[in-house]
Structure formats: structure tokens, C-alpha cells
Protein chains: 2
Amino acid sequence: MRQGNPDFMNGVPELLILKLLAAREMYGYELVQSIREQTNEAISLSEGVVYPTLHALEIEGALKSRRNTVNGRSRVYYSITKLGSRKLARIADAWSSVTRAVQSVLQGAKHASAF
Amino acid sequence: MRQGNPDFMNGVPELLILKLLAAREMYGYELVQSIREQTNEAISLSEGVVYPTLHALEIEGALKSRRNTVNGRSRVYYSITKLGSRKLARIADAWSSVTRAVQSVLQGAKHASAF
DNA sequence: TACTATACCTCGTACTTAAAGGTATAGGCA
DNA sequence: TGCCTATACCTTTAAGTACGAGGTATAGTA
């Protein structure tokens, strides 16, 4: 563990960002704060995580962006693409699969349910 | 994502290994198979993950080992220490915290419950 | 004898998060 | 005017970690 967030964060920033942008268009700085608030400070992503993730997702075509100036502030708004929605569905499934599997071990169950 | 397991695996091997060893003494090869079976193949840790994790946990005092020969096979059995139990409690909490936080975003809840 | 399962191990790579640091503008306040 | 803070964007560097590949050795079986 580096510091700040507990651990178990592999792939989580990408998942959260895609999910939030699936609901509505947002800009980077807004995502940082939104995630912190919605998780009650349990997850606090730094800008150094959010911006590179946004750029990577845009490059692979999962997001598209438009620059907009609001109150004299230049913002880059991101929204999800069709390809991004499919990616979100895929990784949300993977997330469920892993958490279900871990949960079954934590609860001492002999077998995880297939679905 | 490297390959094999989906992603979201950060810290998971350590958590699973500690949890299984909290129930009973096991050896490395057994852990690999046990995790694969108990998670219905959802999580399949390679030996290249399990053995280094076991060694690291032993060095930090979370596990202790004893060598035992069964049916002509030499095995290294690991069991959890008091320090390991405390570590398990800590990271199990962290796991709960992260999964709860992610879940609240995935469900579109405005606020995660505090506990 | 050869192959498979058991059982242990290490090394190198690839990926990812996170912190730190850097730029620039708007607005409040002294 | 000058200073500080919040907003808003970005990059670089460091450090950790899972994973595959590869390697050794023994027991049992075909």
C-alpha cells in the first residue's frame, strides 16, 4: 500500500469514472470531488490518477470530450461513448465476479454460487 | 490487465491467503487449489503469486511455517500468528470499506452509509 | 521408462496508483 | 494593488504487485 487509499484499488478509478460519466457529462476536477463525496471519503482519488485515466479512456475511444468555458473557467467535459458503455458493462461484471468470489471465501462458504 | 484474472486483484491474494490460514493450517500448493475451487474458478492464483506472498507474510511475522513430510512429500505448512490475525482484521475491514464505497457509486446512491 | 501430479521456488515484466510538483485564472479580502 | 485560496488542468517519478515463464525434485502410474 502506498498511502491514502487502503488498497484493493486496482481498476477501481476506471470503473468509477466510467460509471459516473454514464450518468452525466462531467469534468475532471468535478469527478475528483464527486467520488470523494459519494463514497463518504472512503475513496479519494488524486488528480494525478483521474486525469491520466480520462486521457487513456479517451484515446481508446471509451470517452469523448469537449472544451467548455463556464464562469470564465475553461473545463474539459467528458462523456461516455457506446464503446465506453460496453467497457463499463464488462468491467462492472468483472468487479462483481471478483467481489462475489472474495466474499464467498471471507464468509467461509465451501462453494461460490455460479451466478 | 495482465491476463488470467480480470483485474481488481490488488491485495486480494494476501487477503484470501490470510483468511484461509485463519481457518486451518495449509501449504502453498493446497492454497492455490483451494482458492480456485472455493471461488468456482473466478479467482485462480498462480504459484508465482502465492509463494512470494507466503514468504513476505512470514517475514513480517503474520505467518509461521513448519516443514512436514506427508506420503514422502515435503510440504511447508503455514499457520497464522496473532499479528497475522490483526492484519487480517485490518485488511478485511479495508476490503469492506472499498467494496461498499464502489457499490454505492455503482448503485447510483447519493451517499454511502457511514457503516 | 516416460509421463503426470505434486510441491517448492525465483526472476523479469507490465501495469497501476499515488504523491509531488507545475501552470494558469477567478474571486475575496486587506 | 497585492495576496491567498479555490478552481482547473497537466506531467513526471516512484513504488508496489500480480502474473507468467521457467526451473528443480519426488511419487505414482501407465
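The chains referred to below are lettered A, B, ... by the order of the sequence lines, with proteins before strands, and numbering in each begins at 1.
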Rounded to the nearest 0.5 Å, what separation is found between the CG atom of A/L21 and the OG atom of A/S34? 9.5 Å
Which one, C/dA7, C/dT16, D/dA18, comes nearest to the side chain of B/T53? D/dA18
More 5' along DNA chain D: A/G48 or A/S74, using each one's nearest nucleotide? A/S74
Atom CG of B/L45 and atom P of D/dT17: how far apart are they, to the nearest Å? 15 Å
State the CG-CD distance between A/L45 and A/E47, to the nearest 0.5 angstrom. 11.0 Å
In whole angstrom, what separates A/E58's CD from D/dC9's C1'? 14 Å
Output, in order, the C-alpha distance, side-chain angles, deciding distance and verdict of side-chain contact (heavy atoms from CB on, under 4.5 Å) for B/K19 and A/L106. CA-CA 7 Å; B/K19 179 66 188 181; A/L106 289 185; 3.9 Å; yes
Under 4.0 Å between any heavy atoms, over every strand shown, what does A/E30 touch: base, sugar-phosphate, or nothing? Just pick one. nothing
Minimum-distance nucleotide (side-chain atoms of A/M9 versus C/dC8, D/dT11, C/dT17): C/dT17
Taking for A/V70 and for A/V49 the nucleotide of DNA chain D with the nearest heavy atom, the one nearer the 5' end belongs to A/V70
State plainly whether the residues A/K87 and A/E60 are in salt-bridge range, i.e. N to O under 4.0 Å. yes
Length of the line joining A/L54:CG and D/dC9:C1', which is rounded to integer Å: 11 Å
With nearest nucleotide decided by heavy atoms, which residue, B/Q33 or B/P52, maps closer to the 5′ end of DNA chain C? B/Q33
Could you tell me the separation between the CG atom of A/L16 and the C1' atom of C/dT16, rounded to a whole number of Å? 15 Å
Starting from P on C/dT16, measure out to CG on A/L57 and report it in whole angstrom. 10 Å
Would you indicate what A/G28 reaches in the nucleic acid, counting non-hydrogen atoms under 4.0 angstrom: base, sugar-phosphate, or nothing? sugar-phosphate
Just the rounded figure in Å: distance from C1' of D/dT13 to CD of A/E47. 17 Å
For A/R75, report the nucleic acid contact type (base, sugar-phosphate, nothing); a contact means any heavy atom under 4.0 Å. sugar-phosphate
On the nucleotide C/dT6, are OP1 or OP2 found under 4.0 Å from the side-chain N or O atoms that B/Y29 carries? yes
Distance test, side-chain N/O of B/Y27 to OP1/OP2 of C/dC8, below 4.0 Å: no
Check this one for me: any side-chain N or O of A/H55 less than 4.0 Å away from OP1 or OP2 of D/dC9? no
Nearest to the B/R73 side chain among D/dA8, D/dC19, C/dA7, which nucleotide is it? C/dA7
Given A/V105, which partner from the list B/L15, B/L16, B/V12 fulfils the side chain to side chain contact (heavy atoms under 4.5 Å, CB included) test? B/L16
Where does the angle between the aromatic ring planes of A/W95 and B/F8 fall among parallel (under 30°), tilted (30 to 60°) and perpendicular (over 60°)? perpendicular
Any side-chain N or O of A/Y51 below 4.0 angstrom from OP1/OP2 of D/dC10? no
Whole-Å distance between D/dG28 C1' and B/N71 CG? 11 Å
Rounded to whole angstrom units, what separation is found between the OH atom of B/Y78 and the C1' atom of C/dA7? 11 Å
